[in-house]
There are 2 protein chains.
Amino acid sequence: MPSDQRRIQPRKQPRQVRAELTRQRILTAAAHVFADHGYAAGTTNRIAERAGISIGSLYQYFPNKDAILAELLTRHLDDGTAAAAKVLTGPLPDSIEDVLRVFVRLAVEAHLDDPHLLRMLIEQAPRSDELLERVGRVKRAMVGHTRALLEGHPEVRVADTATAARLVIATVELAVHDLLAEPDPIDARRLEDEMVAMLTRYVTG
Amino acid sequence: MPSDQRRIQPRKQPRQVRAELTRQRILTAAAHVFADHGYAAGTTNRIAERAGISIGSLYQYFPNKDAILAELLTRHLDDGTAAAAKVLTGPLPDSIEDVLRVFVRLAVEAHLDDPHLLRMLIEQAPRSDELLERVGRVKRAMVGHTRALLEGHPEVRVADTATAARLVIATVELAVHDLLAEPDPIDARRLEDEMVAMLTRYVTG
DNA sequence: GTCTATACGCCGATAGAC
DNA sequence: GTCTATCGGCGTATAGAC
């Protein structure tokens, strides 16, 4: 009964695959548009245009403009935490300098993809309570991990580990994304070296 | 001839004084509105309302919304450079640690006034070419001064002074404003101490 | 499921009365 | 010089044809 087979698997289920692909196209387009024009001036019409679809179709995949940004932010956060988790499960280097280098490199790599998108995400994201909460939770988790790492490492001499952890996280996150997003971007390798040197000397001082 | 005197100085020149006062009221209102809602959502109607005047009157003092933001940014930049210039004309301390402390304290004090306004200015300001250019010039000047200072100081051992200067400026500027603008702001004194410690150990390493 | 056309609201800016 | 009332435009989101 070929007719039955056709009803059960109509054209090898193209629906969800194509749909997810279109969502991805929209997200990619939005990333570029937001990065170029900022959130406010990055209109849905522009996004649709760049994605090669009409504005009407766009609204079949996302309920509104904010949802697009939220998804973009969520994916970035998830990528970051996944990468961090992967590093944390494996064995870390012994020397604090090498440990710090691992994390600095993580931050640099995360920002090398598209510094301008990241800048927009961090700076222009509409500060809805829910998004702020989510970002805050991730940040607090990172600070917590950093503090534990500082307190558990024999080379570390810094006294106020609470303040130190906040300072380290803020420095890495912000300086990396700022220096890489500048019109004349700093060399990533040099940035990593100097940043690691600064942090190492700080926490072992 | 009393009539002549009245024509020359009508009611002890109230015009410019009151006008400047109103301009200031508008700027203050705008600072609060922008800080609370961001630039895009900080509407001119809200600004006028908070300033206690009508929307029509507001447009007698500023040609458009962008001009209000530009003035806000200009004043902040001018304040900062003036404070820096004042410090640079006087004698600087001998030890590099104390020199760094002077500049870190400058940054902290500049941000203590209204961290949220500053955050908005830096982050959400519409990046018009002219404003970007002005900010960039100030930043480059600071980096230049810092680099010269690093190269001229006997205690400093860091090799790549170009990268180091950029890193120092970015770190101070961004970490200070971020950590002070957080929902649970860091203690300003501790921030200063730890930041100075970090930078000192870095450049003398 | 994709399109075009358009409704709707909001905001910056202006006109014109007082 | 300050106000109220309103214009013009843009941008999100929807309706409805195909």
Side-chain angles (χ1 to χ4, degrees), chain A residues 10-72 120 124-126 128 131, chain B residues 10-73 120 124-128 131:
Chain A
R11 307 187 192 174
K12 48 177 168 171
Q13 56 199 5
R15 268 208 341 260
Q16 307 210 11
V17 175
R18 270 196 66 83
E20 184 51 37
L21 208 105
T22 305
R23 274 181 70 89
Q24 190 54 54
R25 285 174 54 81
I26 295 171
L27 287 173
T28 305
H32 281 107
V33 171
F34 286 155
D36 288 350
H37 301 88
Y39 182 72
T43 68
T44 48
N45 278 308
R46 263 188 214 277
I47 295 172
E49 187 187 8
R50 200 180 219 281
I53 61 173
S54 74
I55 179 65
S57 295
L58 184 149
Y59 277 93
Q60 286 216 332
Y61 293 89
F62 292 92
N64 53 52
K65 185 179 170 178
D66 280 6
I68 302 177
L69 182 81
E71 176 95 18
L72 238 31
M120 188 281 306
Q124 317 216 338
S128 83
L131 286 188
Chain B
R11 307 188 192 174
K12 48 176 165 173
Q13 56 199 7
R15 268 207 342 259
Q16 308 208 9
V17 175
R18 270 196 63 84
E20 183 52 38
L21 208 104
T22 305
R23 273 182 70 89
Q24 189 54 54
R25 286 173 53 80
I26 294 171
L27 287 173
T28 306
H32 281 107
V33 171
F34 286 155
D36 288 350
H37 302 87
Y39 182 72
T43 68
T44 49
N45 277 308
R46 263 188 215 277
I47 295 172
E49 187 186 9
R50 200 181 218 281
I53 62 173
S54 74
I55 179 65
S57 295
L58 184 147
Y59 276 92
Q60 285 218 333
Y61 293 89
F62 292 92
N64 53 50
K65 184 180 170 178
D66 281 4
I68 302 179
L69 183 81
E71 177 95 20
L72 239 31
L73 183 66
M120 187 282 306
Q124 318 217 336
R127 311 181 165 283
S128 85
L131 286 188

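First the proteins, then the strands, lettered A, B, ... as listed; each starts at 1. Values below: every heavy atom of this structure, side chains too, minus hydrogens, waters and symmetry copies. Since the model is a prediction, treat every value here as computed from it, not as a measurement.
Side-chain nitrogen and oxygen atoms of Thr43(A) include none within less than 4.0 Å of the OP1 or OP2 phosphate oxygen of dG11(D). Residue Tyr61(B) has a polar side-chain atom (N or O) positioned under 4.0 Å from OP1 or OP2 of dT2(D). One finds no side-chain N or O of Thr44(A) lying less than 4.0 angstrom from the OP1 or OP2 phosphate oxygen of dG11(D).
Residue Gln60(A) places its side chain closer to dG1(C) than to any other of dA13(D), dG1(C), dC3(D). Comparing dT2(D), dA13(C), dA5(C) by their nearest atom to the side chain of Ile55(A) picks out dA5(C). In this structure, the nucleotide among dG12(C), dT4(D), dT4(C) sitting nearest to the side chain of Ser54(B) is dT4(D).
As a whole-Å value, the separation of Phe62(A) CZ from dA13(D) P is 13 Å. The CD1-C1' distance, from Ile47(A) to dA13(D), rounds to 13 Å in whole Å. The distance between atom OH of Tyr59(A) and atom P of dA7(C), rounded to the nearest whole Å, is 17 Å. In this structure, Leu58(B) places its CG atom 15 Å from P of dC11(C), rounding to the nearest Å. In this entry the distance linking CD of Glu49(B) with P of dG12(C) reads 13 Å, nearest Å. The CD1-P distance, from Ile53(A) to dG1(C), rounds to 14 Å in whole Å. Nucleotide dC11(C) holds its C1' atom 13 Å from the CZ atom of Phe34(B), rounded to whole Å. Remark: P of dC10(D) and CZ of Arg46(A) are 12 Å apart, rounded to the nearest angstrom.
His37(A) contributes atom NE2, which lies 12.5 Å from atom CE of Met120(A) (distance to the nearest 0.5 angstrom). To the nearest 0.5 Å, the span separating CZ on Arg50(B) from CZ on Arg25(B) amounts to 11.0 Å. The distance from atom CD of Glu49(B) to atom CD1 of Ile55(B), rounded to the nearest 0.5 Å, is 11.0 Å.
A cation-pi contact, defined as under 6.0 Å to the ring centre and within 45° of the axis, links Lys65(B) to Tyr39(B).
Comparing the end axes of the helix from dG1(C)-dC18(D) to dC18(C)-dG1(D), each fitted to five base pairs by superposing C1' atoms of four pairs onto the next four, gives an inter-axis angle of 20° (nearest 10 degrees).
Closest approach of Ile26(B) and Phe62(B) over heavy atoms only: CG2-CE1, 3.7 Å. Smallest separation of non-hydrogen atoms from Ala29(B) and Ile47(B): CB-O, 3.7 Å.
Heavy-atom contacts from other residues, nucleotides or ligands closer than 6.0 Å to CZ of Arg46(B) number 12 or fewer.
Counting any heavy atom pair closer than 4.0 Å across all strands shown, Asn45(A) reaches a base atom.
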